[in-house]
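Quick notes on the structure that follows.
Counting starts at 1 for both ligands and their atoms, in listed order. Numbers for residues simply follow the sequence, beginning at 1.
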Amino acid sequence: MGFRIAGTGHYVPDRILTNADLEKMVETSDEWIVTRTGIRERHIADPETATSDLAAEAGRRALQNAGIEPGDVDLVIVSTITPDMPTPSTATVVQRKLGIPPCMCFDVEAACTGLLYGLDIAHALLSSGQRRTALLIGGDKLSCVTNWTDRSTCVLFGDAASSLVLQADPAFDGDFYVGAEVGADGRDADFLKIPGFGSACPPTAEGVAQHLNCITMNGPKTYQMAVTAMSQACKKVLEKTGVRADQIRWAIPHQANDRIISAVAARLGISERIYRNVSRFGNTSSASIGICLDELNRSGQLQKGDLILTAAFGAGLTWAAELLRW
Ligand SMILES: CC(C)(COP(=O)(O)OP(=O)(O)OC[C@H]1O[C@@H](n2cnc3c(N)ncnc32)[C@H](O)[C@@H]1OP(=O)(O)O)[C@@H](O)C(=O)NCCC(=O)NCCS
């Protein structure tokens, strides 16, 4: 039995928020944002658009790209930190919106690392023979958990969703999953979080006024942890699989910040084959790696057999590096 990435898709809302727009909202400048992060613009959803709308559209595009009908899907995983609501899962909402028949559907919460966590789980379910066709989606409407008065975070994030169709296929001679290093260390949970409104900090009017439903972050600490976690995970996965850095066709790090990407690239020694699009989307959480894969796929820059090294980090602190074969 072979396992393949049968299709990719992504969706971003039409509305673009530029650095010039942000200059009118908080005390910042295009120059500061570009030099510190590499971000020039990000897409922002309308108030009436939910994460499931972004996710369903990305999923629809991936299914079309794969040439697979919704009726063939028997596993839906959505990675998100901005679910439509605490329950039911956004995966079940997406299932309904796409007309996918009854099957296993659930959400993964591993922040920006979520798509790679989902990829690991989906591969395990496919390779054990329990499922045949998985729709994996990373989607977030981060604009609804952004404090638009906090210049240290509001310049960083954007809304988006991306999707992969993963399939067990007896006619395919290969396996998209070469190896992975996936982990988390909860001791670092306080550096990046949304403090409210879960069971530990239920919603109150005072909490809303204090923006407790929004992302708070120790930027410099998160930066250091991101570089260390992603480069160590990449080195471990290369070691485990016996693949050399010069054999990698594309490296796709989580698109959080251009400087983090460059620091990881320098540590791995593969600066030229690093895919970057953070300037156009900002940090889109677990959508980011799937957007890169979809752009590479649709622009014909992936050949069968290409090795792709993905890496991500996120709140928790979570991290993952996964070596994929196209
Ligand atoms: C957020 C980040 C870009 C800030 O860059 P930095 O070089 O670390 O900047 P600092 O936080 O040290 O702040 C430097 C100064 O810029 C100021 N500043 C912060 N945001 C600003 C903004 N948008 N515009 C202008 N100035 C800003 C700070 O107030 C500080 O001023 P001070 O020196 O007078 O106190 C960087 O820390 C980062 O990218 N961290 C990782 C974030 C991340 O990836 N998070 C998502 C994880 S999935």
Problem set entry | Carboxylate-amine/guanidinium proximity below 4.0 Å for Arg280 and Glu295 | yes

Problem set entry | Close-range residues for ligand 1, whose non-hydrogen atoms fall below the 4.0 Å threshold | Glu27, Thr28, Trp32, Arg36, Thr37, Cys112, Arg151, Ser152, Val155, Leu192, Met217, Gly219, Pro220, Thr222, Tyr223, His254, Ala256, Asn257, Arg259, Ile260, Asn283, Phe313

For this session: Begin from the C-alpha positions of Met230 and Ile260 and carry the test side-chain contact (heavy atoms from CB on, under 4.5 Å) through to its verdict.
Result: CA-CA 9 Å; Met230 284 203 291; Ile260 294 177; 3.7 Å; yes

For this session: Determine, for Lys235 against Glu239, whether the closest basic-nitrogen to carboxylate-oxygen distance falls under 4.0 angstrom.
Result: no

For this session: Run the salt-bridge test on Lys97 and Asp53 with the 4.0 Å N-O cut-off and return the result as yes or no.
Result: yes

For this session: Determine, for Lys141 against Asp46, whether the closest basic-nitrogen to carboxylate-oxygen distance falls under 4.0 angstrom.
Result: no

Exercise. So, Glu181 and Lys240, do they make that salt bridge, N to O below 4.0 Å?
Worked result: yes

